[in-house]
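For the single chain, residues carry numbers from 1 onward in sequence order. Quantities reported herein were computed from a predicted structural model and do not represent experimental measurements. Atoms within each ligand, like the ligands themselves, are counted from 1 in listed order.
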Amino acid sequence: MKRNLVILGSTGSIGTQTLEIVKDKNEDFAVLALAAYSNVNLMLSQIIEFNPDYAVLYDKDAAFELEKLVKEHSAEVNTSVLSGMDGLEFISTLKECDMVVAAMVGMIGIRPTIAAVKAGKNIALANKETLVTAGHIIVPLCKENNVTLYPVDSEHSAIYQCLKAQDPCMIDKILLTASGGPFLGRKYDDLKDVSLEDALKHPNWSMGKKITIDSASLVNKGLEVIEARWLFDVKIEDVEVVVHPESIIHSMVQFKDNAILAQLGLPDMKLPIQYALYEGNRRTMPERKVDLFSLSKLDFLKPDHETFKGIRLAVDSYRRGYIYTTVFNASNEMANRFFQEGRIKFLQIYDIIEDALSLDFDHCRIPSLDEILNTEQEVYKYISSKY
Ligand code: MN
């Protein structure tokens with residue numbers, strides 16, 4: 001029987017690659033619902049190709065436009081168009097849904113992911129911001145509802161693969177690899193005038209804009225450290241970042257007997273996506289393979305925390321109290337957007353995050369979902385009034 005997928009963020013980088021896998025493995029998967037932020041044209045072509053029962057555009061005007069266009073195609077498709085957070089939560093809890101692919105960018109993914117977990121849906125998780133800011137809510141909720149989170153992030157998929165059939169008590173540390181991004185080797189002063197174009201030139205991975213900039217600042221790696229802490233129930237101190245410029249080793253686990261297991265592959269999201277869609281099972285993959293003989297060597301370096309503050313700021317925010325992971329993430333989301341819009345320089349991304357982290361929040365409390373979302377808004381308001 002085919003498994004029904006609900007794909008949140010279907011027009012983004014992970015979403016479109018997920019649909020390519022669905023097309024390739026159409027004997028195993030059907031698309032029940034698709035959701036995106038506002039991309040009408042791409043959503044329309046996905047609807048025509050996959051004929052889902054539902055399509056959601058978060059942006060209400062875009063959804064209105066999409067609905068008109070879908071009606072013109074009513075001979076080929078019978079898709080209902082929805083909008084807003086209600087629409088996202090509705091499709092994430094559909095009775096016929098077997099798995100939710102959470103691939104939207106940013107904290108907008110929190111509510112639909114929580115709704116899906118409460119409805120007992122397994123999740124293929126690409127939306128790291130959700131786990132970073134609400135991991136303390138989502139992880140226990142998953143246990144309660146017997147839900148598994150299958151990581152789509154390449155590093156976390158690698159760790160998940162390395163931990164298969166291993167005793168979690170024997171983990172010594174997680175070795176989270178980082179390519180170092182386009183600015184690897186540069187010093188703080190060299191980054192003063194880098195352009196958006198420079199930041200978007202990732203040496204190995206082809207990804208969406210937000211995450212590519214986060215990779216250049218190493219904020220992405222900081223988010224991934226916290227993501228790993230939640231996904232694998234380890235202490236944040238036990239996640240060590242190893243810069244590995246070739247991006248062939250996607251991450252490693254060191255065990256208490258000093259054995260290290262690694263997962264290798266080309267930098268291609270197809271494998272982690274497919275592995276998650278099959279709930280941690282292997283299937284064939286037609287793409288290119290690693291040619292070990294063409295790799296003369298693999299390099300490993302310590303991260304330069306003086307230049308790239310992304311990891312340290314993330315870990316500090318986590319240590320100060322869970323609410324500060326929201327402050328860290330929300331301030332980065334806004335700084336990232338401002339950098340894309342040309343409103344700030346690259347290094348100001350760090351200034352904005354540090355500024356937001358200096359605000360006073362109740363660090364002792366374990367924040368509820370509402371407190372997380374309110375704090376997010378407060379941070380946005382504070383930053384937009386200042387920059
Ligand atoms: Mn990653």
Side-chain angles (χ1 to χ4, degrees), residues 9 12-18 101-107 109 113 123-133 135 149-163 174-184 199-232 234 236 239-253 262-277 280 298 300-301 303 308 310-311 313-315 318 325 328-329 332-333 336:
S13 171
I14 299 292
T16 50
Q17 294 183 77
T18 301
V101 180
M104 51 239 302
V105 178
M107 288 178 69
T113 304
I123 313 269
L125 188 78
N127 177 234
K128 64 190 76 174
E129 294 90 343
T130 285
L131 213 51
V132 166
T133 57
L149 295 176
Y150 296 97
V152 171
D153 210 343
S154 61
E155 295 81 356
H156 304 75
S157 175
I159 297 161
Y160 187 90
Q161 292 175 57
C162 294
L163 287 175
I174 304 274
L175 299 166
L176 188 75
T177 54
S179 71
F183 302 139
L184 176 64
L200 289 175
K201 275 186 213 136
H202 198 283
N204 306 333
W205 292 94
S206 147
M207 306 176 287
K209 274 190 187 172
K210 196 259 177 186
I211 185 173
T212 304
I213 294 165
D214 284 350
S215 297
S217 63
L218 264 73
V219 165
N220 180 57
K221 210 46 61 180
L223 295 171
E224 290 184 352
V225 169
I226 303 174
E227 184 186 12
R229 179 265 170 265
W230 287 117
L231 275 172
F232 306 111
V234 292
I236 201 146
V239 183
E240 183 175 351
V241 176
V242 179
V243 176
H244 165 50
E246 294 88 356
S247 296
I248 293 295
I249 296 180
H250 295 315
S251 277
M252 302 170 262
V253 180
Q263 186 253 325
L264 285 71
L266 291 175
D268 186 330
M269 289 308 295
K270 286 275 180 59
L271 168 62
I273 296 170
Q274 177 172 291
Y275 193 75
L277 291 181
L298 297 176
F300 304 100
L301 309 158
F308 302 96
I311 298 168
L313 289 170
V315 172
Y318 176 87
T325 60
F328 171 75
N329 182 71
N332 177 62
E333 282 193 27
N336 184 305

So if I apply the side chain to side chain contact (heavy atoms under 4.5 Å, CB included) rule between I311 and each of V219, N220, V241, L176, which one comes out positive?
V241

The Mn ion (ligand 1) to [X]: nearest N/O/S atom name:
| X | answer |
| --- | --- |
| D153 | OD1 |
| E224 | OE2 |
| E155 | OE1 |

What are the two closest non-hydrogen atoms of A199 and T212, and how far apart are they?
O-CG2, 3.7 Å

Scanning both residues in full, the closest heavy-atom pair of S251 with E155 reads OG-CB, 3.3 Å

To the nearest 0.5 angstrom, please state how far the CD atom of Q263 sits from the CG atom of L271.
5.5 Å

